[in-house]
J.: 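Input: one structure, supplied below.
Basis for what follows: all heavy atoms, side chains included, without hydrogens, waters or symmetry-related copies.
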Protein chains: 2
Amino acid sequence: MSTAHLEDRPTPGRVGDVRKQNLALVLRNVHPNVQTTRAQLAAETGLTKASVSSLVADLLDAGLLTEVGITRDGERGRPGVGLALNPLRGALGAEVNVDYLGVGVVDLNGNLHFQETTERHNSGSSPEEVLGALRLMTKRAADAASDAGIVLLGGGLAVPGLVDADRNYVSTAPNLGWTGVELSGELGALLPHSPFGVTLSNEANSAALAELWYGQGVSFRAYLYISGEVGVGGGLIIDSQLFTGPAGHAGEIGHSVVQPKGPKCTCGGHGCLETFAGQEAIFSASGIGDGPTGHRMAQLLTALAAGDPRPLAAVEEAGYYLGVATATTARLMNVAAVVLGGHFSLLEEWIRPALQQSVDEFAPGVVAPDAVAFSALRQTAALMGAAGSSLRRALANPQELVP
Amino acid sequence: MSTAHLEDRPTPGRVGDVRKQNLALVLRNVHPNVQTTRAQLAAETGLTKASVSSLVADLLDAGLLTEVGITRDGERGRPGVGLALNPLRGALGAEVNVDYLGVGVVDLNGNLHFQETTERHNSGSSPEEVLGALRLMTKRAADAASDAGIVLLGGGLAVPGLVDADRNYVSTAPNLGWTGVELSGELGALLPHSPFGVTLSNEANSAALAELWYGQGVSFRAYLYISGEVGVGGGLIIDSQLFTGPAGHAGEIGHSVVQPKGPKCTCGGHGCLETFAGQEAIFSASGIGDGPTGHRMAQLLTALAAGDPRPLAAVEEAGYYLGVATATTARLMNVAAVVLGGHFSLLEEWIRPALQQSVDEFAPGVVAPDAVAFSALRQTAALMGAAGSSLRRALANPQELVP
DNA sequence: ACCTATAGTTCAGAACGAAAACTAATTGCG
DNA sequence: CGCAATTAGTTTTCGTTCTGAACTATAGGT
């Protein structure tokens, strides 16, 4: 669970653990969409050719690797047998958000298949109702995967709330109106009989990981991800891993104090980033009235394009305070990049200059212009991250699939 | 190097690595000042008695453990042979600060011996001069240790600046006036012929670790340490480890933005915590003129005790902004405790209420009153942390001492 | 054809922990 | 007092895994 700070008693090192570790080591050196050979893996891992051959044999049995014919590189010597990640292994990704449901399948090479998004107002619906609706969608995706010959190793479900992944428990999801929900049964029903099961995750955290694996974050090893949805969520990627903090809830950038004299926040504090950069804050500061989110966002974009001063000022203020929070985080956590997703990626044109100027004002020289990126994954970010986490679990524990 | 985010190629798991891991595992289960036995270690680690016996034999050979006679617990059965951390193994700790030098020896049980502090105005002196003066002190400490039969396994040197421990390099220490200093030679001369050598560290980080191992932090697994010296430094302890961030410079709480409209800071930004809670800020807001730090601090404490309103307001403001930074960090990093050291521990009486009120205002319910602690280690914190890091290195790599 | 270079396999050997049988030292109880 | 019960620790055998060296396989160059 990626930098998970769990209380797991250090297991005694058995001789068999060495193999477990080396299976994962070999697998880590097979990159998506790139062929390799046993000899190359031996050179990269430092293992002997004999060991690599034995490990690869297990990984082929496990179905994680496939042989893809002879690699002819024109050089002298016997050509190697091509090895690649098996494109017929994947994981299910699913997302419950406030106004939509999403599912999809991601294979080991990172390709997204059978993606489907349905608009649905989930706020207020019971978890059973929502997951019932979601189950119809995951059934379709799983059947389509099966028809295409793709075996699903596991799955992930992202929700906009605080989760305890080990207990399949959503402690609170304010924007859904959920509190203290245990989902073991529902998660099992989403994807029966998969070796790695379905795991819960926080939506912003999963989106942050999706950027790392499949999006803007691929060029950074460490960054702050800020997701603009109804609330302002965050995910910290440190050393190419999600930083979850001691209790698993790190990255709550939405409640950084950016203006001690600022307005009251729903969290009980005041002057939080969310009170300046959350959807409601931007809409109301722009003078946009109530209505469906999509409609209000369209209004906002139109007004911005027309050069209307009130929305421009509102978005600039959001960018300014995003910069304050980014500057503090950059100094505190020693990260030098930031990726913005959710509604912020729609507002890139107006947010980017304000944010950059603000960061440079509060932490000069720390965040370079090309270290500010905006997500292109849109509504698939969270589900791709959830599926990706599941795939990483499989790749990190290949011995569980060896017969 | 404790949650060090280094680019180390994952080593292939060899069969021998299992022993290395199990040597460290057994050692981790021998706690300072507590006797144990082979049988108890077997139960705690999950290893078989046979394996533990063999591992313990190596650790005795390495000099890390000692047998301390028969443990009679009055119960039936053969009594076990007592095992304990060898009190005759230790590490040297040293600190260069702006106005003093400190050395000491810490043994495996955490006891501090031969501690010596010398007032010395190091700001402006060349690194060679300062380390020359320090070497005289470390020589005395090493000789005293030797006379007492204590073998020094390694050492640590804490400095108030950004360091690259792997390269023995101080990139910048503004308050010493050092920039780009390479200290390999000097470090080697401080403690010749020790198996683990002398390692550089940041002073606030080492102090944070000293609190974890030997001070207030023992009751927390995760906290923010804030050190008030000339600057405001910080250290983040997450999951009982120092969080260093991707480039090793995390924890710079002094330059969190706590008031966007605040005054200019030496870092180039403005509204940083340091501009409200640094020594200079507190002195000048209190109306205390120039002079030696010790003298000014005495003046401040006298004025506070007398109820002088200006210093009271200055210290309360420092506490208020410490609370803002703590609230943000608590939410962002998911830590729920804070430990204050340096000059803040002298000001506890006045800082504590202001800080607690501020934290509760900005992040209600996140930091409990008994999760705010003040350091009692004073001037020994950094050197104990530096020595402790060295000891931890030895305990984590016992196989290097096995003959 | 023959040499060289590279890929991959086979087999003996060493290191290690697991499991079980064994020895050692103590208490409790008849 | 003596024997059973109990706990501590050691010895022996075994299976797993990696390493290293020898071996086979397959290509290009001359």
J.: Rounded to whole Å, how long is the line connecting atom CG of B:Asp58 with atom P of D:dT10?
T.: 13 Å
J.: Separation of A:Gln21 atom CD from D:dC18 atom C1', in whole Å?
T.: 12 Å
J.: Just the rounded figure in Å: distance from C1' of C:dA15 to CG of B:Leu23.
T.: 13 Å
J.: Can you find a side chain N or O atom of A:Arg14 that sits less than 4.0 Å from OP1 or OP2 on D:dT16?
T.: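 No, A:Arg14 has no side-chain N/O under 4.0 Å of OP1/OP2 on D:dT16.
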J.: Distance-only, no hydrogens or angles: does the A:Asn397 side chain make a donor-acceptor pair with backbone N or O of A:Arg393 under 3.5 Å?
T.: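 A pair under 3.5 Å: yes.
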J.: Determine the minimum heavy-atom distance between A:Leu47 and A:Val26, stating which atoms define it.
T.: CD1-CG2, 4.0 Å
J.: Ignoring hydrogens and angles, tell me if any N or O in the side chain of B:Asn334 forms a donor-acceptor pair with the backbone of A:Ala247 under 3.5 Å.
T.: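 Yes; judged by distance alone, with no hydrogens or angles, the pair exists.
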J.: Please state how far atom CD in A:Gln399 lies from atom P in D:dT16, giving the value in whole angstrom units.
T.: 16 Å
J.: Indicate yes or no for a side-chain donor-acceptor contact from B:Asn86 to the backbone of B:Gly63 under 3.5 Å, with no hydrogens or angles considered.
T.: yes
J.: Any side-chain N or O of B:Ser53 less than 4.0 Å from the OP1 or OP2 oxygen of D:dT10?
T.: yes
J.: So which protein N/O to nucleotides 6-8 of chain D N/O distances come out below 3.5 Å?
T.:
from, atom 1, to, atom 2, distance (Å)
D:dT6, O2, B:Gly77, N, 3.4
D:dT7, O2, B:Arg78, N, 2.8
D:dA8, O4', B:Arg78, O, 3.1
D:dA8, N3, B:Arg78, NH1, 3.0

J.: Separation of B:Arg19 atom CZ from D:dT16 atom C1', in whole Å?
T.: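 Spelled out: CZ on B:Arg19 to C1' on D:dT16 is 16 Å.
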J.: Rounded off to whole Å, could you give me the NZ-to-C1' distance for the A:Lys20 and D:dC18 pair?
T.: 18 Å
J.: Tell me: CG of A:Asp17 to P of C:dA15, nearest whole Å?
T.: 20 Å
J.: So does B:Val402 get a backbone contact from the side chain of B:Asp58, meaning a donor-acceptor N/O pair under 3.5 Å?
T.: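 Answer holds: no.
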J.: For C:dG17, take OP1 and OP2 only and decide whether either is under 4.0 Å from a side-chain N or O of B:Asn22.
T.: yes
J.: Please enumerate all protein N or O atoms sitting under 3.5 Å from an N or O of nucleotides 12-14 of chain D, with distances to 0.1 Å.
T.:
none

J.: Base, sugar-phosphate or nothing for A:Val18? Non-hydrogen atoms, less than 4.0 Å.
T.: sugar-phosphate
J.: Using modelled atom types and a 3.5 Å cut-off, is there a donor and acceptor pairing between side-chain atoms of A:Asn168 and backbone atoms of A:Leu183?
T.: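 No; judged by distance alone, with no hydrogens or angles, the pair does not exist.
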J.: Whole angstrom is fine here: how far is it from CD1 in A:Ile70 over to P in D:dT26?
T.: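 Rounded to whole Å, this separation is 9 Å.
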J.: For the side chain of A:Tyr223 and the backbone of A:Ala208, is there at least one donor-acceptor N/O pair under 3.5 Å apart?
T.: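 Answer holds: yes.
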J.: Kindly say whether A:Asn33 contributes a backbone atom to a donor-acceptor pair with the side chain of A:Asn109 at under 3.5 angstrom?
T.: yes
J.: OP1 or OP2 of C:dG17 less than 4.0 angstrom from a side-chain nitrogen or oxygen of B:Ser51, does that happen here?
T.: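 No, no such contact exists.
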J.: Any sub-3.5 Å donor-acceptor pair from B:Ser390's side-chain atoms to B:Gly155's backbone N or O?
T.: yes
